[in-house]
Amino acid sequence: MLPFINALKLVFSFYLSYPLAALLKRIPDKEPWRKNLFIIGVALFYLVGLFDLWSGLRTLFLSAGGIYLIAWQINSPYMPWVGFVYAMGHMSINHIIRQRLGDPGVVDISGAQMVMIMKLTAFCWNVQDGRLPDSELSEFQRDHAIRTLPSILDYAGYILFFPSLMAGPAFDYCDYSRYISTTMFTLPPGTDPTKAPPTRKKRKIPRSGTPAAIQATKGSIWIFAFLKFTAWYNPALLLGDKYMTYWFPRRVFILYMLGLTTRMKYYGVWSLTEGSCILSGIGYNGIDPKTGRAKWDRLTNIIPLDIELAQNTRAFLGSWNINTNLWLRNYMYLRVTPKGKKPGFRATLATFVTSAFWHGFYPGYYLTFVLAALLQAIAKNGRRLIRPLFLTPDGKTALPSKLYYDIFCGLLTQTAFAFTVAPFVFLTMSSSLTVWARVYFYTLIGVAVSFALFTRSLPFRAHLQKMQSSRTPLADTALDADGIEKLAREEAKREGLGRQKSYDDSSIHHRAPTLGIAEDPEADIDEIVAEVKREYEERKRRGSLVQGFDVKKAVEEKLKSFKKK
């Protein structure tokens, strides 16, 4: 009964944030200190008044206070890493305590701390960027750099921003600073003032009641659907005896419905919190050049239809927990790479480990991550070798048969992920393996068969390549260097357009892992092999190569060195 009451309180806090966000927006723009005090007061009411989380308040204070001291006192390039180890270490201890309690349904501070960790680690990097000259920073780093350490009041308001306190979404300090100072709502130079979004009573924050209400309605529908469907599809059903009385296709369907039902909860929660952020004004994202209206998608965290209709792994993962993915990309993947070099295996591995530790230590998380990485590799091969057969030879126009290819890929993606994400629901190793066994490990078998088919040692891959080459009009293609480069660019462009919600067109962002899962695991493995080969050739050139050089051992040593970095 207690977990249900706590869950009810949590949902109540999401709805309560709407009228409170409306009050926050009505505090005079010229008095940001009052906004900070209001935000802090509401957050304390949530933590202590609603949930009686005195220990949780202490946890947030230790994390946030420790990071502020680290950013203030340590003037070193290693400051962000010190902050990262401190924040992640503190959260890991709480993850372990929560796991030992064995009741993931209890509302505690771990959700709020996970959101805060994204804010705190980003804060450290932003402070460090603010100490460097602009010439050493990327455009993103310059835009997010913190040049002057904020006051304790501003910092506390940022950390405890109540519309997103318990479940996110997270955002960087620059967004909060521009919001609290209302500079976020300044029109770009050259914009016609008559096209400015409407406001009330000379406030700078535009009206946002309608988009906030839309998000609240969406969230309420998802929450209602979750409550309805969870009575039909729940973990107990799949672990019970009745489940095995159904024939195999129905068991797979029930497995898919369990995943969908679980996602409904997150769709509802994140839609509700995004709506309250929109109502407060911080969800503002400029003016849409096409419609001329204000955009309110700054803190969008999920795109449910893109997930449920995804035709490939990248689309499925890329529309889920978007802000976490951006955090991993901007503050891990791109930060572990030495300046002037492209991110590679080291960056991918570091991002994967960070994502895994951030989620916690339940074995189910790791089963899902590893299998999802394998699915990503399979999907990459399938897209390269099979998809072109459903396009015209120039690759620009879809054939009539591509409709059936798209439908098949959609069904395959959803069926494969129904199996893959099951451990995320069951969490424990025994329950996860039990459910997988009850559907005969169909995705694991499919992955093994696909890897075998796509390997270069079997004729299937060569046959697909031959089919592609036989369809290419060689006479119409200039196969000189310029022609090859043109074809390569066109193919890369098509690959980019084929993915939903790409955040950056550069090759670095294109290869960034989604939620820590590598986009191209084969390329990362090839990088390891290539580095070992370079080391081998370098030793041979220097004459330091001894007879009996063990390549396998060298690869293992190289992997260990990567993990240490």
Side-chain angles (χ1 to χ4, degrees), residues 1-4 6-7 10 91-92 94-108 110-111 114 225-269 307 313 316-317 320-321 352-353 355-375 413-448 515-517:
M1 189 64 180
L2 184 59
F4 175 77
N6 285 333
L10 186 62
M91 185 181 66
S92 295
N94 287 331
H95 273 320
I96 293 171
I97 294 173
R98 176 180 172 85
Q99 187 170 336
R100 290 184 64 183
L101 291 175
D103 190 357
V106 173
V107 175
D108 64 1
S110 59
M114 290 172 71
F226 167 72
L227 294 175
K228 193 70 176 176
F229 277 76
T230 195
W232 302 328
Y233 305 102
N234 50 68
L237 171 62
L238 279 80
L239 294 173
D241 296 333
K242 186 178 180 180
Y243 184 63
M244 292 305 293
T245 63
Y246 301 127
W247 70 316
F248 176 70
R250 186 171 180 183
R251 273 180 271 160
V252 174
F253 174 75
I254 293 174
L255 184 63
Y256 164 75
M257 289 304 299
L258 175 67
L260 173 59
T261 301
T262 304
R263 290 193 293 275
M264 287 177 181
K265 176 176 63 176
Y266 294 98
Y267 293 161
V269 167
I307 296 171
T313 58
F316 190 100
L317 296 170
W320 172 266
N321 211 349
F352 179 91
V353 172
S355 179
F357 272 56
W358 181 78
H359 281 90
F361 301 101
Y362 281 104
Y365 296 148
Y366 297 85
L367 290 175
T368 293
F369 281 142
V370 172
L371 185 53
L374 297 176
L375 286 180
T413 298
Q414 297 301 328
T415 304
F417 268 101
F419 181 95
T420 303
V421 303
F424 236 80
V425 179
F426 292 94
L427 298 179
T428 65
M429 181 70 75
S430 59
S431 296
S432 300
L433 294 180
T434 296
V435 172
W436 276 3
R438 290 185 163 196
V439 288
Y440 310 126
F441 299 100
Y442 69 85
T443 296
L444 286 177
I445 294 173
V447 166
L515 295 177
I517 299 169

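We count residues from 1, following the sequence as given. Keep in mind that what you see is a predicted model, and the values were worked out from it rather than measured.
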Trainee: Any heavy-atom pair between the side chains of L371 and W436 that's under 4.5 Å?
Mentor: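 Heavy-atom side-chain distance check passes, below 4.5 Å.
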Trainee: In the structure I gave you, are the side-chain heavy atoms of F316 and Q414 within less than 4.5 Å of one another anywhere?
Mentor: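 Result yes, sub-4.5 Å side-chain heavy-atom pair found.
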Trainee: What orientation do Y365 and H359 show, parallel under 30°, tilted 30 to 60°, or perpendicular over 60°?
Mentor: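 Answer is tilted, since the angle falls between 30° and 60°.
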Trainee: Using 0.5 Å steps for rounding, measure from the CZ atom of F441 to the CZ atom of F419.
Mentor: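 Going from the CZ atom of F441 to the CZ atom of F419 covers 6.5 Å.
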Trainee: Has T230 got a side-chain atom pairing as donor or acceptor with L227's backbone, closer than 3.5 angstrom?
Mentor: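 Checking the backbone N and O of L227 against the side chain of T230, no donor-acceptor pair under 3.5 Å is found.
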Trainee: First locate atom OG1 of T413, then atom CD1 of I307, and finally report the distance between them rounded to the nearest 0.5 Å.
Mentor: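 The OG1 atom of T413 sits 13.0 Å away from the CD1 atom of I307.
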Trainee: How far apart are the closest heavy atoms of P363 and Q99, and which atoms are they?
Mentor: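 Closest approach of P363 to Q99, heavy atoms only: CD-NE2, 4.3 Å.
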Trainee: So how far is it from Y440 OH to R251 CZ, rounded to the nearest 0.5 Å?
Mentor: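 The distance works out to 4.0 Å.
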Trainee: Grab the two heavy atoms, one from G364 and one from P423, that are nearest each other, plus how far apart they are.
Mentor: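 Answer, listing the atom of G364 first, then P423: O-CB, 3.2 Å.
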Trainee: Do side-chain atoms of T368 reach the backbone of T420 as a donor and acceptor pair under 3.5 angstrom?
Mentor: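 Answer holds: yes.
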Trainee: Taking side chain as C-beta onward, heavy atoms only, is Y233 less than 4.5 Å from I254?
Mentor: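 They are in side-chain contact.
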Trainee: Please examine the side chains of F253 and Y246, heavy atoms only from C-beta on, and report whether any two atoms are closer than 4.5 Å.
Mentor: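 Not in contact.
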Trainee: When you compare the side chain of F226 with that of Y267, does any pair of heavy atoms fall below 4.5 Å?
Mentor: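 A side-chain contact is absent here, since even the closest heavy-atom pair is not under 4.5 Å.
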Trainee: Drop me the distance from L317's CG to F417's CZ, to the nearest 0.5 angstrom.
Mentor: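 Separation between the atoms: 4.0 Å.
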Trainee: Tell me if the OH atom of Y266 is crowded by more than 12 foreign heavy atoms within 6.0 Å.
Mentor: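 No - once you tally the heavy atoms of other residues, nucleotides and ligands closer than 6.0 Å, there are 12 at most.
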Trainee: When P235 is tested against each of L258, T262, L427 for side chain to side chain contact (heavy atoms under 4.5 Å, CB included), which residue passes?
Mentor: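 Option passing the side chain to side chain contact (heavy atoms under 4.5 Å, CB included) with P235: L258.
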Trainee: Using modelled atom types and a 3.5 Å cut-off, is there a donor and acceptor pairing between side-chain atoms of Y442 and backbone atoms of T415?
Mentor: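 Present.
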Trainee: Looking only at heavy atoms, which two atoms of Y366 and Y362 are closest? And how far apart?
Mentor: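 Scanning both residues, the minimum pair turns out to be CD1-O, 3.3 Å.
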Trainee: Can you tell me how far CH2 of W358 sits from CE of M91, rounded to the nearest 0.5 angstrom?
Mentor: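 Answer rounded to 0.5 Å: 7.5 Å.
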Trainee: Check whether any side-chain heavy atom of M257 lies under 4.5 Å from a side-chain heavy atom of L260, and answer yes or no.
Mentor: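 Yes. Closest side-chain heavy atoms under 4.5 Å.
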Trainee: Decide yes or no for M429 and L367: does some side-chain heavy atom of the first lie under 4.5 Å from some side-chain heavy atom of the second?
Mentor: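 Yes - at least one pair of side-chain heavy atoms lies under 4.5 Å apart.
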Trainee: What's the spacing between R438 CZ and Y243 OH if we round to 0.5 Å?
Mentor: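 One finds 8.5 Å between CZ of R438 and OH of Y243.
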Trainee: So do F426 and L433 actually touch side chain to side chain, heavy atoms under 4.5 Å?
Mentor: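 L433 vs F426: side chains apart.
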